[in-house]
Undergrad: 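Handing you a structure now.
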2 protein chains.
Amino acid sequence: MALVSPNARVRRSPYHEATRAAGVTSVEIYNRMEMPTGYGDPEAEYWRLIEGAALWDVACERQVQIAGPDAARLAQILAPRDLARCPVGQGRYVALCDHEGVLINDPVLLKLAPDRFWLSIADADIWLWARAIAAERRLDVVIDEPDVSPLAVQGPKAEAVVASLFGDWVRELHRFAFRETRLAGISLVVARSGWSKQGGFELYLLDGSKATALWEMVMEAGGPFGIGPGSPNDVERIESGLLAFGCDTDAGTNPFEVRLGRFVDLDVPDDTIGIAALRRIATVGPVRQQLGVMLAEEAPRERAVGRFAVLAGGERIGTTTELVWSWRLQRTIGLALVDAAAVPGSAVEVRLDAGSFAGSLRELPFL
Amino acid sequence: MALVSPNARVRRSPYHEATRAAGVTSVEIYNRMEMPTGYGDPEAEYWRLIEGAALWDVACERQVQIAGPDAARLAQILAPRDLARCPVGQGRYVALCDHEGVLINDPVLLKLAPDRFWLSIADADIWLWARAIAAERRLDVVIDEPDVSPLAVQGPKAEAVVASLFGDWVRELHRFAFRETRLAGISLVVARSGWSKQGGFELYLLDGSKATALWEMVMEAGGPFGIGPGSPNDVERIESGLLAFGCDTDAGTNPFEVRLGRFVDLDVPDDTIGIAALRRIATVGPVRQQLGVMLAEEAPRERAVGRFAVLAGGERIGTTTELVWSWRLQRTIGLALVDAAAVPGSAVEVRLDAGSFAGSLRELPFL
């Protein structure tokens, strides 16, 4: 690992001081903002997420705000998912595609008002995309990035932590539902969401200058529940089969290849970007699929980022996208993009830098 | 500085092994690729660029390739600069703008063939922008990112190094002119370009698997000229007044504010994106301007990234975008975006984290 040098192009997270004080040891750059990725003890951070409560600085999950008279129309044009019946206060996980049906992002779309939406984006300049489409279609919208900085509380005890701060109403929120509220004078949006399957909430802070105060309040409220700092967790997300856009996808991936078909509505209006291509792909079926891969017991503990060949019967059938050591499964597991004909359970060989290892394809999620 | 953790979303540069062997100590993430930013001795790296020859891994300067029957038309739609008389083999520095005339990138556009162009981009997903525009206007083009990885040779001795490798014809290349060629079986494009004012070339490697071989050949050829590893140099670029997109610009910057007006042609076709807005701004004049700022002699050596207030007569007139210590000027200097009415030579106060310091506004470039 090399050091990241500071520069003005890459922004500090508003939680920078809080996470530095908490002992952050590594970061990624995501949407041109630093995102903490570790605090020095990966296994402890993992178990905190699985068994307790973890606090993640995910301010880098930036919001592309679409506001104005044509906001709802643009949202529907961008997202191949039926938004007609989406109420205010509800989010939807959407598979943004280009005109060829290629996945370009997988944000949560939050409907804040009939004429105001956020796309809570993965790492890509979706504001450029949204602005280009809006201007070319002469839609009456303003697209910008508001001062919104999510802080995630994840894990089985996250609900208790968040309820102790905001009240029991948070327990009633359905997945991706949210409410605007205040906490000790700080404006925020509380949503039941987050990039783990351990349950939890995201607190969309609406004023970056209050970031340290919010972090400290959550830490204090979480004390009795053993909360500690953490970060989006590759091990848990692979066990749970959550997609990492840009990691599991490439320049030609469509939603059906990576198990997002259930979030695509084929009966959206014809002016929805990519819908014609998606209907074609849905008819003939994708040529690749995302499956799990589990290395044999005798394989070493591996973390392998990047694409490594997956072979079946000596033939290359695809590549891994990420491999990790699963503490719960006590195996090296990962995700792979392989031929649509490949069958879960079948034996494969994975060619890593460290050598070639036997394994098998698995249904997702692992757990 | 924190460590950057590896992940599959951020790509290794093809020169990764070569730069690691050369002792890289810090990186930035740029266009989702690691870019070396230092080898442990910033002052030596600076003087090597000013007085000798430096080799930079700038593979992160990715190419958005536009190819097909409508490629020339799309290039002109995207770039508010007259490309009608641009010959094959010539590049043009272009100020890409959105429909409101806001700068969204400042690539070099290379015309490889009448129907094939590269946009050699600064850090932003211009492929999303170009694809959106092409599809919405139903243009017959293919937009992708080819396997092209620039390696820059910069400094007053760069020409001698590159001529010793390729022959004396490289000495005849004008600024931004280029030629496709081969070196020991490696295909590449040799261009007179690079992000410094010390002279130099960029070698656009056309096969990432040959990166280490190319690096080593240049290092060997440069030995007699004292070549050494380096990276895009903030000190030299500020002395020389070169723009750093995303660092010196914000979400509302137009080309006229940051001294790119001379690269904007107002008589391009009316369907060029942003041209109506740019004509308006050219008529009324921009409200801000980019100027140099030089701190007084007694101010400490500073490197300050990010925006710090600049005041004149107690009134805030703008912000710095980056400050560095100039070894040639023996002063802390920087760039600022200030009111259009501000006058070079006038006294200002700069409010840094380290304190408030006296200084003055300066014409650019400093040197």
Side-chain angles (χ1 to χ4, degrees), chain A residues 1-12 19-20 24-30 32 34-38 98-100 102 104-105 122-137 144-145 231 234 244-249 251 273-274 303-307 320-322, chain B residues 1-12 19-20 24-30 32 34-38 98-100 102 104-105 122-137 144-145 231 234 244-249 251 273-274 303-307 320-322:
Chain A
M1 288 200 277
L3 293 167
V4 175
S5 48
N7 71 80
R9 195 174 36 77
V10 174
R11 303 163 288 185
R12 282 193 168 180
T19 58
R20 286 305 182 281
V24 65
T25 54
S26 64
V27 299
E28 282 182 22
I29 307 300
Y30 196 97
R32 255 163 244 108
E34 281 192 14
M35 171 175 67
T37 55
D98 72 8
H99 298 70
E100 307 303 320
V102 171
I104 58 168
N105 213 274
D123 182 32
D125 293 327
I126 292 304
W127 67 275
L128 276 176
W129 179 259
R131 263 194 208 182
I133 302 301
E136 292 291 308
R137 299 201 184 185
D144 60 11
E145 186 192 282
S231 59
D234 280 351
F245 175 77
C247 169
D248 301 336
T249 60
I273 294 176
R303 177 164 193 245
V305 299
R307 285 159 170 71
T320 62
T321 58
E322 184 172 3
Chain B
M1 289 200 276
L3 292 167
V4 64
S5 48
N7 70 81
R9 194 173 37 78
V10 174
R11 304 163 288 185
R12 282 193 167 179
T19 58
R20 286 305 182 279
V24 65
T25 53
S26 64
V27 299
E28 282 181 23
I29 307 301
Y30 197 97
R32 255 161 243 108
E34 280 192 14
M35 171 176 67
T37 54
D98 72 7
H99 298 70
E100 306 304 319
V102 171
I104 59 169
N105 214 273
D123 182 30
D125 293 327
I126 293 303
W127 67 273
L128 276 176
W129 179 259
R131 262 193 209 181
I133 302 299
E136 292 292 308
R137 298 201 185 186
D144 60 12
E145 186 191 283
S231 59
D234 280 350
F245 175 76
C247 169
D248 302 335
T249 60
I273 294 175
R303 178 166 192 243
V305 299
R307 285 160 171 72
T320 62
T321 59
E322 185 172 2

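Order of the sequence lines sets the chain letters (A, B, ...), proteins ahead of strands, with each chain counted from 1.
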Undergrad: Is Glu136(A) in contact with chain B via its backbone, its side chain, both, or neither, using a 4.5 Å heavy-atom distance?
TA: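 For Glu136(A), backbone and side chain are both near chain B.
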
Undergrad: In Å and rounded to the nearest 0.5 Å, what is the CZ to CZ distance from Arg9(B) to Phe245(A)?
TA: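 Nearest 0.5 Å value for the CZ-CZ distance: 10.0 Å.
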
Undergrad: Below 4.5 Å, heavy-atom pairs only: which of Ala132(B), Ala304(B), Ala244(B) has the largest tally toward chain A?
TA: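 Winner by heavy-atom pair count: Ala132(B).
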
Undergrad: Could you give the distance from CG (Asp125(A)) to CG (Asp123(B)), rounded to the nearest 0.5 Å?
TA: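 Here the rounded value is 7.5 Å.
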
Undergrad: Minimum heavy-atom separation for Arg131(B) and Ala251(A), please, with both atom names.
TA: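 Of all heavy-atom pairs spanning Arg131(B) and Ala251(A), the closest is NH1-O, 4.5 Å.
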
Undergrad: Could you tell me which portion of Ile29(A) (side chain, backbone, both or neither) has an atom closer than 4.5 angstrom to a non-hydrogen atom of chain B?
TA: both

Undergrad: Measuring heavy-atom distances to chain A, does Arg32(B) have an atom under 4.5 Å in its side chain, in its backbone, in both, or in neither?
TA: side chain

Undergrad: To check you understand the geometry: which heavy-atom pair defines the closest contact between Leu128(B) and Trp129(A), and what is its length?
TA: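 Closest heavy-atom pair between Leu128(B) and Trp129(A): O-CE3, 3.2 Å.
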
Undergrad: Between Arg137(B), Arg12(B), Arg11(B), Glu322(B), which residue shows the highest count of heavy-atom pairs closer than 4.5 Å to chain A?
TA: Arg137(B)

Undergrad: Are Glu28(B) and Val10(A) packed together at the side-chain level, in the sense that at least one heavy-atom pair is separated by less than 4.5 angstrom?
TA: no

